[in-house]
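We count ligands from 1, going down the list as the structure has it; atoms in each ligand are counted the same way.
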Amino acid sequence: MREYRIAAIPADGIGPEVISAGLEVLDAVCTRFGDFSFTIDHYDWGTDYYKKHGVLMPADGLALLRPVDAIYFGAVGAADVPDHVTLWGLRLPICQGFDQYANVRPTRVLPGVTSPLRGVGPDDLDWLIIRENSEGEYAGHGGRAHRGLPEEVATEVAIFTRVGVERIMRFAFASAQARAAKHLTVVTKSNAQRFGMVLWDEIAAEVSADYPDVRWDKELVDAMTVRMVRSPASIDTVVATNLHADILSDLAAALAGSLGIAPTGNVDPQRRFPSMFEPIHGSAFDIVGRGIANPVASFWTASMMLDHLGEAKAAKALMVAVEQVCAAGIMTPDLGGKSTTKEVTEAVCQAVRGANR
Ligand code: IPM
Ligand code: MG
């Protein structure tokens, strides 16, 4: 019996709703396969915790997470606390503290889901976005001076290191190499940003030499938005900076049908630290407690987590189950369906029990 220890941090907004749905589905997966199991460490960190204790997680938070095999994260952010406080209090310290430098964001049009792009189905939009996750525009480098005075100034410095860029390029080329299309688009903005982005381009070219079977091209980030809309089938694997990929992945999720299905892995490819898996939709305060949060992103995320843990068969079975349920039209309102979180969850659990027999 293989045993995995998972830290669950549902945190804010619809996070608790979709993470409890995800844990239910993972339980069904364990029962279905019978040769591995999970121990879940539950953490109540997040904005409520912050209101009680003045911090989003305790000072020894990272030390508590360190021994787990993976982290299953919901969403952080609340209407009454500034977003930079919540983000820099919980999610980024975990991503950066555990050097989860590769943020992996697969995007596909799932069967039964309608893309807002006319005539675009599952075969036309199947992307893997790799987001640099440790530096760039999210390096946290900057500050404010002359606070509150007329001459106030603020800097927000994007950091690009040779080590940081090279490791994400290697990860991206290797990810592209593992896919059927073996194609990578390197997103850049080196026309306007002459230093960091030119280094980014140079290192992409250097690293490409080690992956001769991967075809690759370069696209400016603004032009990339057009290409994603106009010729989605020309795209396979994408690598972009922390901020560029943040923006492009929201667009990608919308083009694939809904932000409610988009998963992500914050991965330490070197496995020195636990990696963290989360839906990318965020807290979604507008639908909290209404029972209609789309759990598909958290299921897809759970499937990525299973893959990361080495349970490829279970990961596949879970995705097949999710696809069967979507294809059957059992979907939440963000996808045009009428089902609740609970109904989708039950349907996926049932499909897991029957999938791939
Ligand atoms: C994402 C999210 C986060 C980000 C937010 C919650 C800060 O938008 O994972 O894409 O910008 O990284
Ligand atoms: Mg985002």
Under 3.5 Å, is there a donor-acceptor pair between the [X] and [Y] side chains?
X: Thr39; Y: Glu3; result: no
X: Arg131; Y: Thr264; result: no
X: Ser275; Y: Asp268; result: no
X: His183; Y: Asp217; result: yes

Next on the checklist: Can you check which of Leu87, Asp83, Ile280 brings a heavy atom nearest to atom 7 (C) of ligand 1?
Outcome noted: Leu87
Checklist entry - Among His84, Arg91, His281, whose heavy atom sits nearest atom 3 (C) of ligand 1? => result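 Residue with the shortest heavy-atom distance to the ligand atom: Arg91.
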Using modelled atom types only, decide if a donor and an acceptor are shared between the side chain of [X] and the backbone of [Y] within a distance under 3.5 Å.
X: Thr107; Y: Ala253; answer: no
X: Trp200; Y: Val187; answer: yes
X: Glu278; Y: Thr301; answer: no

Got an N/O contact under 3.5 Å between [X] and ligand 1?
X: Glu278; answer: no
X: Ser249; answer: no
X: Arg131; answer: yes

In the protein, what heavy atom is nearest to [atom], and what distance, to one decimal place, separates them?
atom: atom 1 (C) of ligand 1; answer: Arg105 NH2, 3.3 Å
atom: atom 10 (O) of ligand 1; answer: Asp246 OD1, 2.8 Å
atom: atom 4 (C) of ligand 1; answer: Tyr138 OH, 3.5 Å

Checklist entry - Non-hydrogen atoms of Glu137 versus ligand 1: any pair closer than 4.0 Å? => result no
Next on the checklist: Under 2.8 Å from the Mg ion (ligand 2), can any N, O or S atom of Asp250 be found?
Outcome noted: no
Checklist entry - Which N, O or S atom name in Asp246 marks its closest approach to the Mg ion (ligand 2)? => result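 The Asp246 atom nearest to the Mg ion (ligand 2), restricting to N, O or S, is OD1.
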Checklist entry - Can Arg91 be said to sit on top of Phe73's aromatic six-ring, NZ or CZ under 6.0 Å from centre and within 45° of the ring axis? => result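 Checked: cation-pi criterion not met.
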